[in-house]
> 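Following this message is one structure expressed as structure tokens.
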Amino acid sequence: MEKLKQWILNQRVILVLFILLTAIASIQSYLLKPGRLTEGTREYSHYNNYVIFKQSFYHLTDHKDLYVLYPEEHWDLFKYSPTFALLFGIFANLPDYLGLLFWNMLNTCVLVLAVFYLPRITNLQKGLILLACLLELITSIQNEQSNGLIAGLIVFAFALCERQHFIIAAFCIILSAYIKLFGIVGVSLFIFYPQRWRLALYSILWSLILFILPYGAINFTELKILYISWFHMLQNDHSPAAYGFSVLGWLKTWFHFEPANFWTVSIGAMIFMVPFARFKMYVSHGFRLLALSSVLVWVVIFNHMAESPTFIIAMTGISIWFFSGKATLINIILISVCFLLTSLSTTDLVPHDFRNHFIQPYVLKVFPCIIIWFRIIFDMLNIKQTLALSGDTEPLSVNRG
């Protein structure tokens, strides 16, 4: 047991483990033979999402619409910003085997280093947080998704704010929003710091810079058309019959209740903001850490199109909540159920038929996350009873920016 503890404490070991597993998953994706979505359709690469990201760069530089289907190249739509398409040129100009590997490594390393950068929690806690997230990260990596990067950017933003590096923190949040719009929820963390107005200005500045960044590849009229096309695509990129692993999906499958997405998200946002009324708790590091956990879970469970690879974001928040707090009986039960239903349920360790006929139809992957999110809200409202971190209420400095 002592050897295991020392292994978890060793950040180099954790980083090497994550890098090795990411490399294996990337090589596997690259080597797998192309497959067909349905019988009689054309074959597509197993790393289709990476191809979508790669081709978006060439579509941008060729002055094409990014937000229409290109079935001769890949299946599914590109759903990120023109800025992301431009920045992906870093990978697009590499051979696929290298671009895919480096893209997945970026997602892994940003998340691992962000957790390592968290202040005022031990190396043991950091190691446990990352190990608890490992299965979900691999799921995201196997789908070449950006979710590890999103989670890492939000965690980095929090850690940077705690260290009062506000201009970089604002960049992390705004960049996450230019990858996936829900990253903008991370801006709510800025309210805890006396320099919140400076953070707001930095956020506006970075928003403008990233907005016009593609102007180097296309003219302003084309850029405007692309943003209009992007938002039009997002507005229409859903089916009333399917809500994914989300609160909406849970309400529909469990209770046959289908409220409008707007009202579900609005009510979720109001509940999310209730603990923020405890202004005197802003000086509490434990309170701020719970808020970070709440953000990371909220952006997944209230995303009506959430898929399995998205849950690395929620699991990061849940792991931070559990391993930085008190290991009460109810918390142990909640994290155990979450690990079983959220992380293990969609792996090959669970029988295929059980997954297809029970786990997926009843969106059980999201259910523990919903319950834990309400537990996090409860903890934020009762921070004096649940406080676990020593020296928690040091005043926030107002002298550095």
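Computed from a prediction, not measured in an experiment: that's the story for all the values here. Note that the numbering runs from 1 along the sequence shown for the chain.
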> With a 3.5 Å distance limit and no angle check, can you tell me whether Asn104 reaches the backbone of Thr22 through a side-chain donor-acceptor pair?
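Such a contact is absent between Asn104 side chain and Thr22 backbone.
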> Taking C-beta and beyond as the side chain, do Met315 and Ser319 meet within less than 4.5 Å on heavy atoms?
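They are in contact (side-chain heavy atoms under 4.5 Å apart), so the answer is yes.
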> Do the non-hydrogen side-chain atoms of Ile312 and Ile141 ever get within less than 4.5 Å of each other?
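The answer is no, as the side chains (C-beta and beyond) never meet within the 4.5 Å cut-off.
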> Is the Lys NZ or Arg CZ of Arg196 less than 6.0 Å from the centre of Tyr282's six-membered ring, within 45° of the axis?
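Not flagged: Arg196 not positioned over aromatic ring of Tyr282.
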> Report yes if some heavy atom in the side chain of Leu189 is under 4.5 Å from a heavy atom in the side chain of Val295; otherwise report no.
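Heavy-atom side-chain distance check passes, below 4.5 Å.
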> What residue among Tyr30, Tyr97, Phe88 forms ring-ring contact (aromatic ring centres under 6.0 Å, His included) with Trp103?
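Output: one option passes, namely Phe88.
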> Name the orientation class of the two ring planes belonging to Tyr50 and Tyr47 (parallel below 30°, tilted from 30 to 60°, perpendicular beyond 60°).
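Aromatic pair Tyr50/Tyr47 classed tilted.
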> What I want to check is whether the side chains of His63 and Glu222 have a donor and an acceptor closer together than 3.5 Å.
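Note: His63 and Glu222 side chains meet the donor-acceptor criterion.
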> Are the ring centres of Phe84 and Phe53 closer than 6.0 Å?
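Here the rings of Phe53 and Phe84 have centres that are less than 6.0 Å from each other.
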> State, with a plain yes or no, whether a side-chain heavy atom of Arg288 is found less than 4.5 Å away from one of Met281.
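Contact flag for Arg288/Met281 side chains = no.
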> Would you say Asn303's side chain and Met305's backbone share a donor-acceptor pair under 3.5 angstrom?
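Yes, Asn303 side chain to Met305 backbone: donor-acceptor pair under 3.5 Å.
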> Taking the ring centre of each residue, are Phe255 and Trp250 less than 6.0 Å apart?
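Ring-ring flag for Phe255/Trp250: true, centres closer than 6.0 Å.
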> If you measure only the distance, is there a donor-acceptor pair under 3.5 Å linking the side chains of Ser294 and Trp373?
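There is such a pair (donor and acceptor under 3.5 Å, judged by atom type) between the side chains of Ser294 and Trp373.
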> For His59, run the ring-ring contact (aromatic ring centres under 6.0 Å, His included) check against Tyr70, Phe78, Tyr67 and tell me which one passes.
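Among Tyr70, Phe78, Tyr67, the one that satisfies the ring-ring contact (aromatic ring centres under 6.0 Å, His included) with His59 is Tyr70.
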> Would you please indicate if the ring centroids of Trp298 and Phe182 are separated by under 6.0 Å?
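Judged by ring-centre distance (under 6.0 Å), Trp298 and Phe182 do not meet the cut-off.
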> Check the angle between the aromatic planes of Tyr117 and Phe156 and answer parallel, tilted or perpendicular using the 30° and 60° thresholds.
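Tilted.
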> Could you check whether Arg42 makes a cation-pi contact with Tyr44, meaning its NZ or CZ is under 6.0 Å from the centre of the six-membered ring and within 45° of the ring axis?
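Yes; both conditions hold, so Arg42 lies above the ring face of Tyr44.
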